[in-house]
Amino acid sequence: APVAKIQFLNAYRFKRDTELMVATEGMYTGQFIYCGKKATLNCGNVLPLKQVPEGTIVCNIEAKVGDRGAFARGSGCFAVVISHDEDKGTTR
């Protein structure tokens, strides 16, 4: 799978941290990538599944927090968010 080299600003020191992530279709060199709850729904951004609307195509989904992706991780693989269940706290 193609890999993207992403630089983040360190929260504690004046330096940059470099991470390698699976590149999504539509990413390009020099693109700004945003991570977290407040990130907008754009190609390449990383956000929690509960923030993604139903019917959205996603890739590189974590099974557990911090496992760096377990589902739909290969090149050209994707998954579709079908529904959110707030009572159980699950997403299909």
Side-chain angles (χ1 to χ4, degrees):
V3 177
K5 187 177 188 181
I6 302 173
Q7 292 183 348
F8 293 102
L9 293 176
N10 192 318
Y12 302 108
R13 292 185 162 168
F14 184 71
K15 68 175 189 175
R16 293 178 187 237
D17 297 327
T18 303
E19 296 286 333
L20 293 175
M21 295 185 177
V22 176
T24 61
E25 186 177 353
M27 288 178 73
Y28 55 89
T29 304
Q31 179 181 2
F32 285 93
I33 303 294
Y34 298 100
C35 298
K37 289 182 179 180
K38 296 181 181 178
T40 58
L41 187 62
N42 288 333
C43 182
N45 286 354
V46 181
L47 40 137
L49 270 182
K50 64 182 176 182
Q51 302 291 335
V52 177
E54 296 172 358
T56 305
I57 296 173
V58 294
C59 68
N60 200 20
I61 305 165
E62 293 183 344
K64 297 177 183 167
V65 177
D67 70 355
R68 304 199 32 105
F71 305 114
R73 187 177 172 151
S75 179
C77 294
F78 64 92
V80 179
V81 177
I82 296 173
S83 66
H84 296 291
D85 189 2
E86 286 84 15
D87 297 335
K88 296 180 184 176
T90 59
T91 299
R92 292 182 50 206

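At a threshold of 4.5 Å between non-hydrogen side-chain atoms, the residues Val3 and Met21 do not count as touching. At a threshold of 4.5 Å between non-hydrogen side-chain atoms, the residues Lys37 and Pro48 count as touching.
Although no hydrogens or angles enter the test, the distance criterion places no donor-acceptor pair under 3.5 Å between the side chain of Asn45 and the main chain of Leu41.
For the residue pair Gly36 and Leu47, the shortest heavy atom distance occurs at O-CB, 3.5 Å. The two atoms that bring Ala79 and Ala72 nearest to each other are N-CB, 4.1 Å, heavy atoms only. Across all non-hydrogen atoms, the minimal contact from Cys43 to Met27 is SG-N, 4.1 Å. Annotation for Thr24 and Cys59: closest pair CG2-SG, 3.3 Å, computed over non-hydrogen atoms.
The side-chain hydrogen bond (donor to acceptor under 3.5 Å, both in side chains) pairs that include a residue from residues 76-89 are His84-Thr91, where partners are two or more places apart or lie in different chains.
If you take NZ on Lys64 and CD on Glu62, they are separated by 12.0 Å, rounding to the nearest 0.5 Å. Between atom CZ of residue Arg16 and atom CG of residue Asn10 there is a gap of 11.5 Å, rounded to the nearest 0.5 Å. From Thr18, atom OG1 reaches atom CZ of Phe8 across 10.0 Å, with rounding to the nearest 0.5 Å. Asn42 CG to Gln31 CD: the interatomic distance, rounded to the nearest 0.5 Å, is 8.0 Å. With values rounded to the nearest 0.5 angstrom, Ile33 atom CD1 is found 5.0 Å from Ile6 atom CD1.
Ile57 and Phe71 fall into different hydrophobic clusters, defined by Ile, Leu, Val, Met, Phe, Trp and Tyr side-chain heavy atoms under 4.5 Å apart, directly or through other members. Under the 4.5 Å side-chain heavy-atom criterion for ILVMFWY residues, no single connected hydrophobic cluster contains both Val58 and Val46.
Remark: Glu54 pairs with no residue by the salt bridge (Lys or Arg N to Asp or Glu O under 4.0 Å) rule, at least two apart or across chains. Residues satisfying the salt bridge (Lys or Arg N to Asp or Glu O under 4.0 Å) test with Arg68, not counting sequence neighbours, are Glu19.
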